[in-house]
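Comments concern the structure below.
Each chain gets a letter, A, B and so on, in the order the sequences are listed, and its residues count up from 1.
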Number of protein chains: 2
Amino acid sequence: MPNRRPKTRIQQKNSEAILEAALEVFSQAGFRGATLDQIAERAGLSKPNLLYYFPSKEAIHAELIKGLLQVWLDPLRALDAGGDPLAEILGYMRRKLELSRDFPRESRLFANEVLQGAPRVEGALQEELKPLVDEKAAVIGAWVQAGRLAPVDPHHLIFSIWATTQHYADFDVQVRAVLGPGHDPFAEAERFLTTLYTGSLCPRG
Amino acid sequence: MPNRRPKTRIQQKNSEAILEAALEVFSQAGFRGATLDQIAERAGLSKPNLLYYFPSKEAIHAELIKGLLQVWLDPLRALDAGGDPLAEILGYMRRKLELSRDFPRESRLFANEVLQGAPRVEGALQEELKPLVDEKAAVIGAWVQAGRLAPVDPHHLIFSIWATTQHYADFDVQVRAVLGPGHDPFAEAERFLTTLYTGSLCPRG
DNA sequence: GATTTAATTGACCGATAGGTCAAAATTCAG
DNA sequence: CTGAATTTTGACCTATCGGTCAATTAAATC
C-alpha cells in the first residue's frame with residue numbers, strides 16, 4: 001500500500017488519474033450511482049489496481065471533497081472588508097461564476113452531495129462553511145449599517161450569489177436547452193448578474 | 001397487469017403509495033442510487049407486488065417526472081402579459097418559492113435529474129420548457145422595450161428566479177446549516193428576493 | 001545482473017441490484 | 001356460496017456491486 005503522500009512518479013500519476021476519473025463519474029452520477037468499475041475504466045486501471053491506491057470508494061470521494069471545499073471557499077475568503085462594498089460583492093459574484101465556468105464538475109459534485117442530504121459533508125458545512133459565511137455576512141452587515149449598501153439580508157445575499165452562479169454549472173444542460181445554440185451562458189450571466197446586483201445594492205437616499 | 005388508468009380502489013391506493021414512496025427515494029438518492037427494495041419497503045409492498053403495478057424502475061421514474069413537469073411549469077404559465085411588470089415577476093418568484101417550500105422533494109427530484117445530465121428529461125426540456133420560456137421571455141422583453149422594466153436579459157432573469165428559489169429546496173441542508181436554528185429560510189427568502197428584484201427591475205429615468 | 005520493492009492482475013467472494021414466475025391468497029361478480 | 005379475476009408473495013434468476021487475495025509482472029536499488 002502506498003504511503004499517505006504519493007512519492008514515486010507512478011503513484012503521483014495514477015492517484016491523479018483516479019481522482020480525475022472519480023470527479024467525472026461522481027459528479028455525473030452521485031456517490032451511490034457511481035461505480036468503482038466506471039472510475040477504474042476511465043482512469044485506465046483495473047479495479048484491484050485502483051483499490052491499491054485508495055482503500056475504498058468512500059476514501060476516493062472523501063479525498064475529492066476535501067480538496068474541493070478549500071477551492072470552493074476561496075472566493076468568499078477574498079471578500080475584503082476594506083474594499084468598496086459593491087465592487088467587493090460584484091467581485092465575489094464574478095469569482096464564483098468563474099469557478100462555475102472552469103470547474104463545473106466540482107460544482108456538480110458538491111451539488112450532488114448537498115442535494116442528497118450532505119451525509120458526507122455535513123460536518124464540514126458546520127465547521128468550515130458556517131463560520132466563514134457568518135464572518136463575511138457580518139462584514140456586509142456592517143456596510144449596510146454604514147449606509148454604504150442598500151439594506152439587504154447578508155446571508156441571503158450570499159445564498160443568492162451561490163444559487164445564481166452555481167446554477168450555470170449545475171443546470172448547464174437545462175440552461176443550454178432553453179437558450180438554444182449560439183449563446184455563451186457564462187458571459188451573458190456575468191452581464192445580467194452585474195446589473196442585478198448593482199441595481200439592488202446601490203444605496204439610495 | 002392493471003390497465004393504464006387505475007380503476008379499482010386498491011389499484012388507486014397502491015399506485016399512489018408507490019409514487020409517493022418513489023418520490024421520497026428518488027429525490028434523495030437520484031435515479032441510479034435509488035433501489036426498488038427501498039421504494040417497495042416505503043410503500044409497504046413487496047418488490048414483486050410493486051412490479052405488478054409498474055413494469056420497471058424506469059417506468060416509475062418516468063411517471064413521476066411526467067406528473068411533475070406540469071406542476072413545475074404552472075407558475076411561469078401564470079405570468080400575465082397584461083399585468084403590472086414588476087408585480088408579475090415578483091408574483092412568479094413568490095409562486096416558485098412556494099413550490100420550493102411545499103414540494104421540496106419534487107424540486108430535488110428534478111434537480112437530481114438535470115444535474116446528472118437530464119438523460120430522461122432532455123426531450124421535455126426541448127419540447128415543453130424551451131417554448132414556454134421563450135414565450136414568457138418575449139413578454140418580459142416587451143416590457144423592457146416599453147420602458148416599464150429596467151433593461152435586463154429576460155432569459156437570465158428567469159434563470160435567476162429558478163436558481164434563487166429552488167436553492168432553498170435543493171440546498172436546504174446547507175441553508176439551514178449556515179443559518180443555524182431559529183430561522184425560517186423561506187420567509188426570509190421571500191423578503192430578500194422581493195427587495196433584490198424590486199431594486200434592480202424598477203425602471204429609472 | 002540479482003534482489004528487493006512497488007505495481008498490477010485474474011479469479012473470486014458475499015451482498016445486493018432489477019426483474020421473473022408460478023403458485024397462493026384475496027377480492028369480486030353472479 | 002361459488003367460480004373467475006385480481007392481487008400478493010416466496011423462491012429464484014442473472015448481472016453487478018464494493019472489495020479481497022495470492023500470484024505475477026515491472027521498477028528501482030545495489
Name the nucleic acid region contacted by B:Ala40, choosing base, sugar-phosphate or nothing; use a 4.0 angstrom heavy-atom cut-off, strictly under. nothing
Position toward the 5' end of DNA chain D (nearest nucleotide), A:Gln38 or B:Gly44: B:Gly44
So that I know where these two stand, are A:Tyr168 and B:His156 an aromatic pair - ring centroids less than 6.0 Å apart? yes
DNA chain C: 5'-proximal contact among A:Leu45 and B:Leu51 (nearest heavy atom): A:Leu45
For a quick test of reading the model: is some side-chain N or O of A:Tyr52 closer than 4.0 Å to OP1 or OP2 of C:dA7? yes
Quick one, B:Arg148 with B:Glu88, criterion salt bridge (charged side-chain N to carboxylate O under 4.0 Å, His left out). Give me CA distance, side-chain angles, the key distance, then yes/no. CA-CA 12 Å; B:Arg148 304 175 66 194; B:Glu88 285 297 320; over 6 Å; no
Let me know, please, whether B:Lys13 or B:Arg32 comes out on the 5' side of the other along DNA chain D by nearest nucleotide. B:Lys13
Considering only heavy side-chain atoms of A:Thr35, the closest of D:dG18, C:dA17, D:dA11 is D:dG18
Lys/Arg cation over aromatic A:Phe31: A:Arg120, 6.0 Å, 45° cone: yes
Does a nitrogen or oxygen in the side chain of B:Asn49 sit under 4.0 Å from OP1 or OP2 of D:dT9? yes
Measuring to OP1 and OP2 of D:dG18, would you say a side-chain N or O of A:Ser56 lies under 4.0 angstrom away? no
A:Gln11 side chain N/O closer than 4.0 Å to the phosphate oxygens (OP1, OP2) of C:dA6? no
Side chain of B:Lys57: nearest nucleotide among C:dG18, C:dA7, D:dT8? C:dG18
Nearest whole Å is fine: how far is C:dA25 P from B:Ile10 CD1? 16 Å
Yes or no on side-chain contact (heavy atoms from CB on, under 4.5 Å) for A:Gln166 and A:Lys96, after CA distance, side-chain angles and deciding distance? CA-CA 8 Å; A:Gln166 291 176 11; A:Lys96 210 78 179 64; 2.9 Å; yes
For A:Ala59, report the nucleic acid contact type (base, sugar-phosphate, nothing); a contact means any heavy atom under 4.0 Å. nothing
Looking at A:Asn14, I'd like to know whether one of its side-chain N or O atoms comes within less than 4.0 Å of OP1 or OP2 on C:dT8. yes
d(CD1, A:Ile60; P, D:dG18) in whole Å: 10 Å
